[in-house]
Novice: 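Here it is: the structure, laid out below.
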Amino acid sequence: MKKTVLTLLTAAALGMTALAPSVLTAATPVMAAVQMTHTQGTVRVTAAAGAQVYSDTSFTQPIKGKILAKNSTWRFSESFGEGNPDNPINAGFGLGGKQYVKWADVQTLTSGWPTKGTFTVNVQNHPTWATVLYDRNLKPIRSLPAQSRWTVFGLYQVYGQGGRYVDQYYDLGGQQYVKFVSYSTHDLSSGQFNGTFK
C-alpha cells in the first residue's frame with residue numbers, strides 16, 4: 001500500500017535542506033511509512049478522558065492512576081511512530097522518565113530539533129525588507145537587515161489549530177529566533193518566506 005508523505009516532513013527528518021515554495025506543495029508517494037521524530041517540543045492533551053501515560057512505546061503497559069488532564073500542556077523530549085501526521089501508526093511522545101502518551105490523545109503545539117546552516121534574510125517579493133528577530137517567547141527584539149546572514153543552530157515549529165503546521169523559526173542561538181516561513185492557512189502553498197536556508 002502506498003502512503004503519501006509531505007515533502008516537508010521528509011525534509012525535516014533529513015535535517016532540513018533548503019525548501020522552496022514549490023517543494024512544499026509537492027507530495028511524494030513512498031512504499032513504506034516514514035519514521036516521524038522530533039527532538040523536543042510541547043503537546044496539549046485533547047482526548048476528552050485525558051491522556052493515559054504508558055511505561056512503554058508499544059502502549060501495552062499503562063501506568064496505573066497516571067492520566068494527564070484534558071487541556072494540560074506537557075514538554076516532550078522525543079516523538080516516535082510511522083506514517084504521517086494525519087494517519088500515524090504506533091505514534092506517540094516521550095515525556096521523560098519512561099513515560100509515553102499516544103499521538104491520538106494530544107495536539108502538537110511546538111516541536112524542534114538541532115540543525116546547522118545559514119539563514120539569509122530575503123523577504124519573499126521584497127528583497128530590500130528587513131525581518132524580525134524574536135526572543136524565546138516570540139516577542140520582537142529588533143530587525144535583521146535585508147541580505148544579512150546568520151548561523152542557524154536549530155529548527156522550531158509552532159502549530160496552529162488542530163496541530164496543523166503554521167510557522168517555522170530558526171534558532172540563531174542565545175534564545176533568539178527568526179521566522180523562516182509563515183502559513184496563513186493549512187495549505188502549504190500559502191507560505192510567506194522571510195529568507196533562505198543553506
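Bear in mind the structure is a predicted one, so any value in this text is a computation, not a measurement.
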Novice: Quick one: do W129 and Y177 end up in the same hydrophobic cluster if we chain Ile, Leu, Val, Met, Phe, Trp and Tyr together by side-chain heavy atoms under 4.5 Å apart?
Specialist: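 Looking at the clustering, Y177 is in a separate group from W129.
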Novice: Measuring only between side-chain heavy atoms, which start at C-beta, is N71 closer than 4.5 Å to R44?
Specialist: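 Sidechains of R44 and N71: in contact.
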Novice: Take V101 and Q52 through the side chain to side chain contact (heavy atoms under 4.5 Å, CB included) test and state the conclusion after the steps.
Specialist: CA-CA 6 Å; V101 293; Q52 173 66 56; over 6 Å; no
Novice: Drop me the distance from L144's CG to F119's CZ, to the nearest 0.5 angstrom.
Specialist: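 Going from CG on L144 over to CZ on F119, the span is 7.5 Å.
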Novice: Is the centre of the F180 ring less than 6.0 Å from the centre of the Y169 ring?
Specialist: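 No, the ring centres sit 6.0 Å or more apart.
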Novice: Supply the atom-to-atom distance D135 CG to R142 CZ, rounded to the nearest 0.5 angstrom.
Specialist: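 Result: 12.5 Å between the selected atoms.
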Novice: Show your reasoning for whether side chain to side chain contact (heavy atoms under 4.5 Å, CB included) applies to T131 and V178.
Specialist: CA-CA 8 Å; T131 194; V178 62; 3.7 Å; yes
Novice: Can you get from L138 to F153 by hopping between Ile, Leu, Val, Met, Phe, Trp and Tyr side chains that sit under 4.5 Å apart?
Specialist: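 Different hydrophobic clusters.
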Novice: Please work out whether the ring planes of F59 and F80 are parallel, tilted or perpendicular, with thresholds of 30° and 60°.
Specialist: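 Ring orientation, 0 to 90° scale: parallel.
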Novice: Report yes or no: do S148 and W150 form a side-chain donor-acceptor pair below 3.5 Å?
Specialist: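 Checked: S148/W150 side chains pair up, N/O donor to acceptor below 3.5 Å.
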Novice: Decide yes or no on side chain to side chain contact (heavy atoms under 4.5 Å, CB included) for Q147 and V121, but give the supporting numbers first.
Specialist: CA-CA 5 Å; Q147 305 308 313; V121 176; over 6 Å; no
Novice: Tell me, do K179 and Y134 make a side-chain contact under 4.5 Å, heavy atoms counted?
Specialist: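 Counting from C-beta outward, K179 and Y134 do come under 4.5 Å.
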Novice: Under 3.5 Å, is there a donor-acceptor pair linking the side chains of Q99 and K66?
Specialist: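 Result is yes, a qualifying pair exists.
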Novice: State, to 0.1 Å, how close P145 and A130 come at their nearest heavy-atom pair, and which atoms those are.
Specialist: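 Taking P145 first and A130 second, the nearest heavy atoms are CA-CB, 4.2 Å.
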Novice: With the side chain counted from C-beta on, respond yes when V53 and L68 share a heavy-atom pair under 4.5 Å apart, and no when they do not.
Specialist: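 With C-beta onward as the side chain, the pair touches.
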Novice: Within a strict 4.5 Å, meaning less than it, do heavy atoms of the L172 and L133 side chains meet?
Specialist: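 They are in contact (side-chain heavy atoms under 4.5 Å apart), so the answer is yes.
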Novice: Of all the heavy-atom pairs spanning K98 and I63, show the shortest one and how long it is.
Specialist: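 Minimum heavy-atom separation between K98 and I63: O-CD1, 4.5 Å.
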Novice: For S72 versus A69, what's the shortest heavy-atom pair and its separation?
Specialist: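 Closest approach of S72 to A69: OG-O, 2.5 Å.
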Novice: Do Y100 and Y54 have their ring centres less than 6.0 Å from each other?
Specialist: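 No, ring centres 6.0 Å or more apart.
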Novice: Within the 4.5 Å heavy-atom criterion, are V45 and D105 side-chain neighbours or not?
Specialist: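 When only atoms from C-beta onward are counted, D105 and V45 do not touch, as no gap falls below 4.5 Å.
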Novice: Using 0.5 Å steps for rounding, measure from the CG atom of L95 to the CH2 atom of W74.
Specialist: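 These two atoms lie 7.5 Å from each other.
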Novice: What's the verdict on side chain to side chain contact (heavy atoms under 4.5 Å, CB included) for L155 and D171, showing C-alpha distance, side-chain angles and the deciding distance?
Specialist: CA-CA 6 Å; L155 174 71; D171 180 353; over 6 Å; no
Novice: Specify the closest pair of heavy atoms between Q107 and T46, including all atoms of both residues, with the distance to one decimal.
Specialist: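 Shortest heavy-atom contact: CB-CG2, 3.6 Å.
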Novice: Of all the heavy-atom pairs spanning G96 and S77, show the shortest one and how long it is.
Specialist: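 Nearest heavy atoms, G96 then S77: N-OG, 4.0 Å.
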Novice: Just to verify, what does T42 make a side-chain contact (heavy atoms from CB on, under 4.5 Å) with, not counting sequence neighbours?
Specialist: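 T73, R75, L109, T110.
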Novice: Would you check if S143 and V132 make a side-chain contact, meaning some heavy-atom pair closer than 4.5 Å?
Specialist: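 Heavy-atom side-chain distance check fails, nothing below 4.5 Å.
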